[in-house]
Amino acid sequence: EVQLVESGGGLVQAGGSLRLSCSASGFTLDDYGIGWFRQAPGKEREGVSCITKNGDTYYTDSVKGRFAISSDNPKNTVYLQMNSLKPEDTAVYYCAAIVIPTGYEVTITTIVPITSWGQGTQVTVSS
C-alpha cells in the first residue's frame with residue numbers, strides 16, 4: 001500500500017526553524033520524486049518544493065534561500081528544512097509522490113502529485 005506520512009510541524013515564532021519529514025512506504029524514492037505542498041486557510045494548495053528521483057531540487061520563489069529539501073533514500077524519507085520562517089508560511093504542509101508530464105520542464109508549478117493526500121502537518125508561525 002502506498003502511503004506518505006508527514007510530521008514535524010508545530011508552533012514557532014517568526015524567524016525560527018522547523019524540519020518536516022515525509023516518510024514513504026509502498027514505493028521507493030528511486031522510483032518517484034517527492035513534492036511538498038501547503039494549504040493556508042482560505043487558499044488553494046500550492047507547491048512549495050520538490051526533489052526529483054535524480055536528486056534535483058526546486059522551490060517556489062517565496063521560500064528560496066530559506067527552505068531546503070533533501071532525501072534519505074535508505075530511510076525512504078524526504079525532509080524539508082524551513083528556516084527564517086514567516087507568518088505567511090503558516091499552513092498545513094503535505095507531501096506527495098510526483099511526476100512530471102512528458103514534454104514539460106520541471107518547475108514547482110508543473111509537478112503533478114500522484115498519491116492521495118494524507119493528514120498533513122500543521123505549521124504555525126507567530127509574529
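L20 and I51 fall within the same hydrophobic cluster, where Ile, Leu, Val, Met, Phe, Trp and Tyr residues are linked whenever their side-chain heavy atoms come under 4.5 Å apart, directly or through other members. With hydrophobic clusters built from ILVMFWY side chains whose heavy atoms lie under 4.5 angstrom apart, Y79 does not share a cluster with V63. Clustering ILVMFWY residues whenever any of their side-chain heavy atoms sit less than 4.5 angstrom apart, transitively, puts V48 in a cluster other than the one holding Y58.
Because its NZ or CZ atom is not both nearer than 6.0 Å to the ring centre of Y93 and within 45° of the ring axis, R38 does not count as a cation-pi partner of that residue.
The shortest non-hydrogen separation linking C22 to W36 is CB-CZ2, 3.5 Å. Summarising the geometry of A14 relative to S127, their closest heavy-atom pair is CB-CA, 4.4 Å, with the distance given to 0.1 Å. Pairing each heavy atom of T110 with each of E105, the nearest pair is OG1-O, 2.8 Å. Between V112 and P101, the shortest heavy-atom distance links the atoms CG2-CG, 3.7 Å. A pairwise comparison of heavy atoms in S49 and L80 identifies CB-CD1, 4.0 Å as the closest pair. When every heavy atom of I98 is checked against every heavy atom of I34, the shortest pair comes out as CG1-N, 3.8 Å.
Between the side chain of N76 and the backbone N or O of F27, at least one donor-acceptor pair lies under 3.5 Å. In terms of modelled atom types and a separation under 3.5 Å, the side chain of E6 and the main chain of C95 share a donor-acceptor contact. Using a distance-only test at 3.5 Å, with no hydrogens or angles considered, no donor-acceptor pair links the side chain of T124 to the main chain of L11. Under the 3.5 Å distance criterion, the side-chain polar atoms of T90 are matched with a main-chain donor or acceptor of V125. Side chain of R66 to backbone of S84: a donor-acceptor contact under 3.5 angstrom is found. Panel note: side chain T28, backbone D30; a donor-acceptor pair is recorded below 3.5 Å. When atom types are taken as modelled, the side chain of T115 and the backbone of A96 share no donor-acceptor pair closer than 3.5 angstrom.
Contact annotation: the side chain of Y94 approaches that of R45 to within less than 4.5 Å [non-hydrogen atoms, C-beta and beyond]. At least one side-chain heavy atom of L29 sits under 4.5 Å from a side-chain heavy atom of V78. Taking the side chain as every heavy atom from C-beta outward, V99 and Y32 approach each other to under 4.5 Å. You'll find the side chain of L85 reaches within 4.5 Å of the side chain of F67, heavy atoms only. Within the 4.5 Å cutoff, the side chain of Y59 has heavy atoms near those of the I69 side chain.
Side-chain contact check for T107 and T109: at least one donor-acceptor pair (N or O, by modelled atom type) lies under 3.5 Å. No side-chain N or O of T52 forms a donor-acceptor pair with one of N54 less than 3.5 Å apart. A donor-acceptor contact under 3.5 angstrom links the side chains of S17 and N83, judged on distance only.
Between W117 and F37, the distance separating the two ring centers is shorter than 6.0 angstrom.
With respect to the salt-bridge test (charged N to carboxylate O, under 4.0 angstrom), the residues K86 and D89 do not qualify.
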Determine whether K53 and D31 satisfy the following criterion, side-chain contact (heavy atoms from CB on, under 4.5 Å), listing intermediate values before the conclusion.
CA-CA 6 Å; K53 61 182 180 180; D31 298 322; 5.9 Å; no
Kindly indicate, with the supporting measurements, whether the criterion side-chain contact (heavy atoms from CB on, under 4.5 Å) is fulfilled by V106 and D56.
CA-CA 9 Å; V106 180; D56 297 322; over 6 Å; no
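Atom CZ of residue R19 and atom CE of residue M82 lie 11.5 Å apart, to the nearest 0.5 angstrom.
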